Each structure stands twice: as structure tokens, then as C-alpha cells.
Protein chains: 2
Amino acid sequence: MADIARLAGVSPMTVSRAFKADSSVSDATRDAILKAADDLGYVFDSTASSLRSQRTDFIAVTIPSINNANFAETVRGLSEGLKARGLQILLGYTDYDMAEEERLIEQFLRRRPEAIVVTGGRHTPRARRMLQNAGIPVIETWDLPEDPIGHVIGFSNADAVRGMVDHFVARGLSRIAFIGGDTTRDTRGADRRVGFIAAMQAHGLDATRLIAAGIPPISMREGAGAMGRLLDTLPDTQAVICVSDLSAFGALTECQRRGVDVPGRLWIAGFGDYEIAGIAVPALTTINPFPRDIGARTADLILDLLDGRDDPPARIAISPALLIRQSTG
Amino acid sequence: MADIARLAGVSPMTVSRAFKADSSVSDATRDAILKAADDLGYVFDSTASSLRSQRTDFIAVTIPSINNANFAETVRGLSEGLKARGLQILLGYTDYDMAEEERLIEQFLRRRPEAIVVTGGRHTPRARRMLQNAGIPVIETWDLPEDPIGHVIGFSNADAVRGMVDHFVARGLSRIAFIGGDTTRDTRGADRRVGFIAAMQAHGLDATRLIAAGIPPISMREGAGAMGRLLDTLPDTQAVICVSDLSAFGALTECQRRGVDVPGRLWIAGFGDYEIAGIAVPALTTINPFPRDIGARTADLILDLLDGRDDPPARIAISPALLIRQSTG
DNA sequence: ACAGCATATGTTAACGATAACATAAACAGG
DNA sequence: CCTGTTTATGTTATCGTTAACATATGCTGT
């Protein structure tokens, strides 16, 4: 900036001002400065700016996996909402591992983000402590814990699956299975299984048709493998709820390979309303948790908090929608 | 750090050293410092560190879409390879828009990354200029231009599709169609179409069975719509190559809905070897461009360049693999 | 026992921007 | 025409860390 200042015949401070849209610099001066900057091939240094102004314009975001259309949609909603304000997302993925999440949070906080968004309501004790003491807005998503660290925007995974079970029972089914991961690494997946078991028990039904499909996240292939095992061991099963649409689709293909009619002999449902659920033949019954909205509302919340506007509620509930399609009757 | 130094009875410089793994600080001093830091709830400030040391440990990465399993795999490969060195990815997506890419590159360069990775070999003139003058390693991926800005790791999209056409022709087919986007927004998709046309013409075949499926990226649904139009207007088509597995799967579902036998009456092939290609019934013939490898080798290249190790080649070619599956004969 | 070197720590200044305050010039209203 | 205010610009110090250099202490080999 000093070089530009010299070339344009002004002080460095005026150069600094010329780069800010709102500050008071005469048009002639600004033009001269921008021209000089261009001639010199100057590139603004955000690092220095951040240090002095104590504003990085980073929003830290951690998601379990970068390879997941649902989380991707949430990130899209978020970055769309933040872009206008010049806030940049610092994205990291945890691989569904809380220890990795802790490491990531620690790294991110060193970068002094304006706010931090994490996925889920469960974290290591140290991660919780770091978030609590971070002194910036903390938003949890994709879950709806009773006592969020700061704010939470999400839904109860257990309740969502419960609604699906209720629907199946109301339609007269009783022998319902659940395909999910075989650990609690994916806490949202684990919550869905908990919801399944609770709902089945509430109806006085057998809640033990649980197929462990592998280490989360469950792929299409693992869904297919789990369906194979289900058909082999519990052939009288009437319906299967899968932890995600991807595993549900895998399960569906296994039925196709074995000539098992869906929904004629077996119903299949997924979770997430991925594109494949709507276009598969038959189309898959699923639950839409509105991932884009989660991101968009998170962005709004962050802007409100940064501006100190009113006092937003600590818990914002998103209502997932049950989508009944051809795969279930 | 000054507070910690006071509490631990050392100088701030020693505190700074205590946070670096390799620097010479006695064990006793380091313990005292880390304890003091912990007691004070200190969080290291990377911004200040970056400014002074002129090292941000950021690697800027732009991809067309965050919601794409192939690019996600490349990012995974990249971040896996960079993690050990403490390099953090600054990820942004362009929405397949070169103007947006330009904006993103400009923003990213202000953050002073150690290197920048972009997708594709085509950029706006200003983006090119910025990259050329950035003074850091520039790596283009997912393409193989003759004259990369800095380095390139990728493959020729046109050649890959050409190989597939050759295979179909060798199998005796001649009426082959291509389903792709209806603009050149997705330059890789456009290159694939170019490869299709060139290959068909090289065989003396009609290269006009081109179905425009919508604005890239083409979804499963758009693939289905395009297949519908193809079946309506060119019912004697023997095979369809789709710009991606997702559109190919959509096309397959349309055939299923219409009772068109695949591969009996029509062959379908995709691109990308997404998981769905392998598990769909019938499994889809496709091309695997090894997205993970692209990322992993990009990471290796970056480390080599940052360390000034030897002089890596400017162009590194990845050889995509043609995977023949049930959907084509 | 002492030069020579490695190890542990301290001092000073600087990275590149801008917040905070100061000032000169232009402008408005009575 | 003068005071009060707005607009355009300048000056100074600083954000929190670390590079570069300096120094003290301990250790090695002869």
C-alpha cells in the first residue's frame, strides 16, 4: 500500500480507504489509487487486515463428510446467505469422527472465525469446552439437543423416524426392520435407530429386526449387503426403514437382483430425500429434512447474531416432511 | 502470549517457541508454558502468526460444485495428502460459472494461500492473469490443457469418451446418441461432447444424435427427461452415452418406466464411475477418471513444489479406465 | 582447564494493514 | 461574513506473532 500511496501521491491510509466501498474518498483520488494498484499488480492482504481490524470474515463450518448431498446442500444454503456480506466459509469434514471434529475445531478457532457451525449436538468434552469459550456464535445443526452450546437449528432424527414407523403401523404393518450402521459413529444415524426402536416398542411391536450394515456412513453397496442378510434371515419382514436413501436404494437393487417385488412383497423407505429417492423405480418413500433450509436459516441466524439484532431463540426447529412414494404401497 | 510469558516467568519468544514442535525449549519450560496457556484459556492466533511468518498454511481449492461425489473425492485425496503437513484447504465452489470462479480466485489470493488448485483448464482472461502473477504454485485439474498456467494433473475428457465410442463401434453399433448439457458452462461436459462428435465422425458415423438435457450440471431427472425425448424422436438409437453417471442413471430409470429393455433394446453408458453406476440394475458402463488419485497426486505435487524438491513435470496425465458393465451388452 | 560448540533463552523490530484521532478545505445557514 | 458541520485526507500507534540476531549456560574433547 505504501508503494501505491507514493505512486498516487497520497498517504497509505487513503489507499486503505480507497479499497473499502463505503469510506470517504473522492472519486478522482480513488480512481488514481485503483489505477496505481493495478499497475503495480497489487493484491490486497487480508491477513494483515484481519490482524489489525480483528475481523477475519471467516465462518468456520464442520460437516461429517464432504461427499454427501445433504450436507452439501446445507453448506450451499449457508454460503449463499453469507456471500452478500463478504463472509467466507472455512469448511472442514470430520469423517464422522468426534476426535477428528475436536482437532478441526481447535484448528479453526485459531483462525479466529466470526462464528462456527458444527453438525450435530454431540461432541467431545474438550470440543464442547472450546466452543463454549470461543467467544463467538456457535451454531449446532442437523440435531435438536435440549441444551445447545449456543444455538441450534435442526430437527429430532428420532422423532422423524418415529413418524415413519407410525405411518407404517397405521397402514397395518407390524414386522418392520431397520438397516443402519453398526456403531454410533454417525450420531444422527444412531438417533434414527433409537427413534425406530422407541416407536416400535410404543406400538408393542418387535423392535429387534436391526441389521448392522457396516461402519457409517452406509454406502449403497452396504445397504444392498444388509438387505441380502435381511432376506436370508428374516424373510417374513414386511417393511425396511434404512438410515439413508443411499442405503435404501442399495437395498432396493438387491431386491431387484433377487426378484423380490418392492413394494409388492416388501416395502422400503429411506431418509434424506436425496435425488435418487425421487427418481428410482419404484420411487423411494423418505423423509425430507430440508437441508438447504437448515443452511439458509443458519446464515440468517449468524447475520442476526453478528449484527446484535434482537435476541434470536436458542433452538430453531425444522420440521422434516414424510414423503410417501411407490416403494411403500 | 505476553500474559502466558509473565505467568510462566519467561519471555514471549519462549512462549512462541514452546508452541512449535521442533524448536529448542527445555521440557520443564515447555510444560510450564503449556500449563499457563491452558489456565488462561489461551488460543493461538494464526492470523498474527501468518502475517509475521508470511505463511498461512492455506491451500486454496476451487471446484465447480460442492455437491458432486467426484469432486468431493478429489478434495478428499487432496486434504488427506496435505493434512500431515498442517496445510488447510480453503474450499470454494464456482457453480460451473467462470465469472464466479474469477471472483473466488481473487478473494482466495487475498488470503495468501501457499498454492492454488483450480478445476479445469479454461478460465476468464483476468483469472488467468491473476493466477499467473500469484507467485505461488498453480495446479489445474480434471483436464489436460497443452499449456497449463503452472501445472496440471488430469486427463482429456474428449479422449476418454472417444475410447468409449470406439468400443461401441467395435461391438458393431452405429446409431449412438449423446446426452449432455445444452451450454458449454460445464467445460468438461462440453469436452466430452466434442470427443463424442470427433469419434463418431472419425468412424464415418452420424454424430448428430445430441440431446440437450438442460443447464449443466445435468441431474438424474434431466437425464430421464432427455432419454424420454430421445426415445420419442430417435427410437432407433442403439446406444446412449451420457455426460455423467447421474444423468445416465436418470436415463435408465426412464427406460424402466417405459418398459424399454436395457441393454436388450438400448445400451446406456455414463461417465465418472459414481457408486450408483456399479450398483444400479443393470450396472452402468462408465469411465473411471480416478478422482481420488487426482487429488492425491495434486497433494504430492504441491508438497514437492513447496519444498522445492526436484522439478516436477508441468503435465501429469491420469489414464481414465473404461468399465464395461451390464448396461452395454 | 580451556577453546569450541550446542542448547536454551532473551531483545528488538517488523509483517501489512487500519482504528483512532487530528486537521484542512469546502459548504451550509443565519 | 462568520460559526458549525461535513467531507477528504493525514499521522501515529498497534493488532499478536516470530525472524533475526544476541547472549548465557552447559557440555565436549584434548
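Given the structure is predicted, the values throughout are model-derived calculations rather than measurements. Letters A, B, ... mirror the listed sequences (proteins, then strands); counts begin at 1.
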Handout entry: Whole-Å gap separating P (D/dC15) and CG (B/D45)
Key = 12 Å
Exercise for the section: Between B/R112 and B/S11, just flag the one whose closest nucleotide in DNA chain C comes earlier from the 5' side. Expected result: B/S11
Practice task
Take the angle between the ring planes of B/F71 and B/W142 and call it parallel below 30°, perpendicular above 60°, tilted in between.
Solution key: perpendicular
Exercise for the section: Rounded off to whole Å, could you give me the CZ-to-P distance for the B/R30 and C/dA8 pair? Expected result: 10 Å
Practice task
Whole angstrom is fine here: how far is it from CZ in A/R110 over to P in D/dC15?
Solution key: 21 Å
Exercise for the section: Establish whether the base of C/dG10 is bridged to the side chain of B/R17 by a donor-acceptor pair shorter than 3.5 Å. Expected result: yes
Handout entry: side-chain N/O B/S26 vs C/dT9 OP1/OP2, d < 4.0 Å
Key = yes
Exercise for the section: Please lay out, stage by stage, how A/I149 and A/E140 fare under the test side chain to side chain contact (heavy atoms under 4.5 Å, CB included). Expected result: CA-CA 8 Å; A/I149 297 173; A/E140 293 167 285; 3.9 Å; yes
Practice task
Could you tell me whether a side-chain N or O of A/R315 sits under 3.5 Å from a main-chain N or O of A/V152, the two making a donor and an acceptor?
Solution key: no
Problem - Spacing between A/D3 atom CG and C/dG16 atom C1', to the nearest angstrom - result: 11 Å
Handout entry: Polar contact flag, side-chain donor to acceptor under 3.5 angstrom, A/T47-A/S50
Key = no
Exercise for the section: Identify, between B/M13 and A/M13, the residue whose nearest nucleotide on DNA chain C lies closer to the 5' end. Expected result: B/M13
Problem - cation_pi(B/R297, B/F290) dist<6.0 Å, angle<=45 - result: no
Exercise for the section: List the steps, then state whether side chain to side chain contact (heavy atoms under 4.5 Å, CB included) holds for B/L91 with B/Y93. Expected result: CA-CA 7 Å; B/L91 184 68; B/Y93 60 89; over 6 Å; no
Problem - Phosphate-side-chain proximity, A/T14 and D/dG10, N/O vs OP1/OP2 below 4.0 Å - result: yes
Exercise for the section: Can you tell me the distance, in whole Å, between the CZ atom of A/R111 and the C1' atom of D/dG16? Expected result: 15 Å
Problem - Rounded distance (Å) that lies between atom P of D/dA19 and atom NZ of B/K20 - result: 8 Å
Exercise for the section: Starting at atom CD1 of A/I33, determine the distance to atom C1' of D/dA8, rounded to an integer number of angstrom. Expected result: 11 Å
Handout entry: Between C/dA19 (C1') and A/M1 (CE): distance, integer Å
Key = 14 Å
Exercise for the section: Please tell me which of the listed nucleotides, C/dA17, C/dA19, C/dT9, lies nearest to the side chain of A/Y42? Expected result: C/dA17
Completion exercise
Numerically ordered, the residues 46-58 of chain B set in heavy-atom contact under 4.0 Å with DNA chain D is B/A48, B/S49, B/R52, B/S53
Practice task
Answer whether the closest heavy-atom distance between the side chains of B/P64 and B/R188 falls below 4.5 Å.
Solution key: yes
